[in-house]
Every structure is written in structure tokens, then in C-alpha cells.
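In this chain, residues are counted from 1 in sequence order.
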Amino acid sequence: MGSRIEEEILSRLPVKSLLRFKCVSESWKTLISEPHFKKKHLNHAKNQNPPKMLIGQTCPKDDTFYFYSSSLSSHRIVEDVRNLDCPSNFVPGFCKIYCCCDGLFLIGIDNTPNYSILLLWNPLTRESIVLPDQNKDSNYSIYGLGYDPTSDDYKVLKVEDDEDYEDDDDCEISNEILSLKSGSWRKISDSNDKDYNCLSSADSMDCLAFVHGAFHWHGFTERNGFLFSVISFNISNEQYGEIPLPERMCLPSDMIDHGVAVLGGMLSINCVYCNGTNFFDLWVMKDYGVEESWIKLFTITNARIPSIIPIVPKYMFADGEVLFSCGRRTEFMTSKGPYGFSNLIWSLASDDIDTCGYVYTESLIFPEVNL
């Protein structure tokens, strides 16, 4: 009974405390290291602990990449500053956060003009591993990282963009998936509609949106006269699908930016239009897969909108307010105005600094990768 009580108490503590408590006793070290405890801790953290924002910035003085962690609370104070934990034989150059899931981050690192790596990293436990190389057949790809409960495995999906899609009737893009348990990339067999494989190059998504066990993105399909559609890829059965768009949501030629995200556990779509009056629409799907459940959260009308695209939804607060990242040189804002993070070493408003940010839950998770 005592061990069960200890487990319940420990599973509610912060990751940093648990890492220290590994030194208390051998039994605590064993418990905290067990996979079932890590999952229990993660589930509790998702339900009870406020999420955090991991912000990455390139220092303009020496091109060093720094990471800042801040709680998404009213004070918005940066709590931690750290460097990326890289293998000892690798000197990181430019870094890019591709995606995150369960406290794990997929980081792209350019070391030389002709060589880059993908790094899986947990900033709390400071564990990292270089993932296997993938085929690079496209100039632009986006990634998704998700957990497959069926196989108890984390998987990375890479979706490519075909820049010549509209001019090439023979467009064939083969997306790739990496199972961390298998440790190797493999191409996904073509779907019945080969257009499912194509990523819309106008999409402002940071990463593939992962919700309800599937990755989502804007892609090309020609059904009912629509060019754009929300494509899904189930992580367990590896089948493509299509999420119905709301009938009253139009996708006209004056749409200059769009994206798919996850807000409050719901699939969301955002669009920027420029037709004299610039405006931004944000929709969410209340019941996954049910076309009639799409609702428009709000419209933002602002003459400045085209100058700050892409606009990427990051997080929905309990009161329904939404946090966005805006512009190529990222600034954060809500519909009420700027949302700054204080005591950063480098100003988020500087045009000389590359910035990116992801909302995450601190965890002990770090999967085994067979290489």
C-alpha cells in the first residue's frame, strides 16, 4: 500500500523534482524510470498542470540558438534558459523546431550547407538522439510527431510539397514515416487519390496537426469543385482520409494564407483573405469528423494582417482566448493585442532575430529508438 501511495504522490510532482528524487533511493529511481510511471505522470500533467511555451531564438551576435521556457500564465516570465543538448561530436548551427508531442521536440539542425540532422529532444530530462536520415526529394516538407497507442510507439510523418503540382499532371509525392521502434524511414504506399500526398505550399502550418490519432494538413483534392481540403493520415492503420469542410466556409481566390491546427483538443482551420478588407477567420470542429459541428470562433479585421502572415494558432486558453504566432520574425499576440514574454535576453520585436515557439507539457517521456 505504501508504494502505491508513494506512486500517487510522486506522479503529481514536477519533472525537475522527480529527476532530483531519483537520488533519494534505489526504489524511487526504479519507479520514476518505469514506462508506466512516466505515462501516468504525463496524463496527470496534461489534465492538471498549466502548459508551457518553449521559445527558440537565434542570437544575432554569434548565431547561437537559445531556448526559453515560460508558463502560459498572466505573468509570462521566462523561467528557464538552456542550450540544445546535442551529441558531443556535433556542433549545432541554425536550428528549427519542427513539432512537439508529449514533451518531446523534433528539432532540425543545419551543421553545414550540405548536411543537416533531425534531433529528438526532451528539454526537461535533457535526453536527445539523432534520428536516421530521410530521403530529401522536395524543397519543402513539414513534420508531425505523434503517439500510436496501438503499437505503443512514437512516429514521425514527413509530408512534402510539390511546387510544380499545378503544372504537372503526373504529380506523385511519396510521404515518409519513421517508427521510432523500427528506427527506419519508409515510404507510404500511394492512396487511391494520389493528391492526398501533396501539401499545399500556401499553408502557414508550423507542423502537421495531430489530433484523434491522425495527422492533418491542407492538401489538394478535386472533389465537389474544391481545390483545397483537409487531409488526414491515421497513425495506427496508416490510411489517408478527408475531413469535410463546412459548406458555408468558402475558399476563394483571394485567400492568401491558410492553416490547420489543434486548439483545445479540437481540429481548427484558419484563413487569411485579402479582398479590399483584410480579415482572418478561425474555425473549430466541435465533434471530430462531423461536418455540421464546424463553428467560426471569430473574425479579425485588420489592415495590417497581410504584413504579419503567417498567422499560426498556438493555444486556446480556458476563457476561449487564442494565442497566435505572427510573421516570419515571430511575435506573439491574442485577439486583444500583443502577448509578450518578459526578461528574454533578445527582444522578440527585433527584425534581426529568428524566433519560434511551441506549447508543450513537461514530461519524463523519452522513447527507445532502435538505430
Side-chain angles (χ1 to χ4, degrees), residues 52-69 78 80-146 154-161 175-180 183-185 199 205-208 210 215 310 312 314 325 328-330 344-346 348 350 352-360 362-363 365-371:
K52 295 192 174 184
M53 172 75 81
L54 187 75
I55 303 168
Q57 283 191 333
T58 302
C59 168
K61 295 183 179 180
D62 58 9
D63 289 333
T64 301
F65 206 83
Y66 292 93
F67 292 92
Y68 307 82
S69 178
V78 169
D80 192 19
V81 181
R82 64 178 63 239
N83 291 323
L84 184 64
D85 300 291
C86 275
S88 58
N89 61 344
F90 197 90
V91 180
F94 175 77
C95 298
K96 176 179 173 59
I97 303 176
Y98 281 121
C99 51
C100 64
C101 174
D102 293 348
L104 299 169
F105 287 82
L106 186 65
I107 311 287
I109 307 173
D110 291 330
N111 187 39
T112 70
N114 299 316
Y115 182 66
S116 62
I117 65 169
L118 283 178
L119 189 77
L120 188 70
W121 179 49
N122 184 324
L124 270 296
T125 65
R126 310 204 71 138
E127 296 169 283
S128 67
I129 191 169
V130 176
L131 298 181
D133 292 337
Q134 74 255 250
N135 296 320
K136 298 180 180 178
D137 299 327
S138 174
N139 292 328
Y140 175 69
S141 304
I142 62 174
Y143 295 84
L145 174 65
Y154 285 88
K155 297 179 180 179
V156 179
L157 180 67
K158 182 184 75 168
V159 177
E160 296 185 342
D161 169 42
N175 299 327
E176 291 186 274
I177 193 166
L178 169 67
S179 162
L180 297 189
S184 61
W185 291 91
L199 176 71
M205 294 170 62
D206 276 344
C207 64
L208 301 175
F210 186 72
F215 296 106
V312 182
K314 291 291 184 179
S325 66
R328 301 295 176 187
R329 306 288 185 175
T330 302
L344 279 176
I345 295 178
W346 313 110
L348 286 171
S350 172
D352 297 326
I353 300 174
D354 286 317
T355 304
C356 54
Y358 278 84
V359 176
Y360 72 107
E362 293 184 341
S363 83
I365 299 291
F366 198 80
E368 292 186 8
V369 182
N370 294 320
L371 298 178

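- The distance from the CD1 atom of Ile177 to the OG atom of Ser184 is 11.0 Å, given to the nearest 0.5 Å.
- Rounded to the nearest 0.5 angstrom, Phe210 CZ and Leu145 CG are separated by 8.5 Å.
- The NZ atom of Lys96 sits 10.5 Å away from atom CG of Leu106, with the distance rounded to the nearest 0.5 Å.
- Listed here is the closest heavy atom pair of Leu208 and Gly144: CD1-N, 3.6 Å.
- Contact detail for Val159 and Asn175: the closest heavy-atom pair is CA-OD1, 3.5 Å.
- One distance of note links OH of Tyr154 with CD of Glu368; it measures 13.0 Å at 0.5 Å rounding.
- Annotation: the span from Ile117 atom CD1 to Ile129 atom CD1 amounts to 11.0 Å, rounded to 0.5 Å.
- Phe366 meets the ring-ring contact (aromatic ring centres under 6.0 Å, His included) test with no other residue; sequence neighbours excluded.
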query: Can you check side-chain contact (heavy atoms from CB on, under 4.5 Å) on Ile109 and Cys95, steps first, answer last?
result: CA-CA 5 Å; Ile109 307 173; Cys95 298; 4.1 Å; yes
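- Taking the side chain as every heavy atom from C-beta outward, Leu180 and Leu131 approach each other to under 4.5 Å.
- When the side-chain hydrogen bond (donor to acceptor under 3.5 Å, both in side chains) test is applied to Tyr360, the partners found at least two apart in sequence or on another chain are Ser69.
- Residues Leu104 and Pro367 share a closest heavy-atom pair of CD1-CD, 3.6 Å.
- Across all their heavy atoms, Lys155 and Ser179 have their closest contact at CG-CA, 4.2 Å.
- The two residues Gly56 and Phe67 have their closest heavy-atom pair at CA-CD2, 4.1 Å.
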Please output the side-chain donor-acceptor pairs of residues 119-126 that fall under 3.5 Å, not counting sequence neighbours, one pair per line with the distance.
| residue | atom | partner | partner atom | Å |
| --- | --- | --- | --- | --- |
| Trp121 | NE1 | Asp85 | OD2 | 2.7 |
| Asn122 | OD1 | Leu124 | N | 2.9 |
| Asn122 | OD1 | Thr125 | N | 3.2 |
| Asn122 | ND2 | Ser363 | O | 3.1 |
| Asn122 | ND2 | Ile365 | O | 2.8 |
| Thr125 | OG1 | Glu127 | N | 3.4 |
| Thr125 | OG1 | Glu127 | OE1 | 2.8 |
| Arg126 | NE | Asp85 | OD1 | 2.9 |
| Arg126 | NE | Asp85 | OD2 | 3.2 |
| Arg126 | NH2 | Asp85 | OD1 | 3.0 |

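- Scanning all heavy atoms of the two residues, the minimum distance from Met53 to Gly357 falls at SD-C, 3.5 Å.
- Atom CG of residue Asp80 and atom OH of residue Tyr68 lie 11.5 Å apart, to the nearest 0.5 angstrom.
- Val156 places a side-chain heavy atom less than 4.5 Å from the side chain of Trp185.
- The aromatic rings of Phe105 and Tyr358 sit perpendicular to each other, their planes meeting at more than 60°, with 30° as the lower class boundary.
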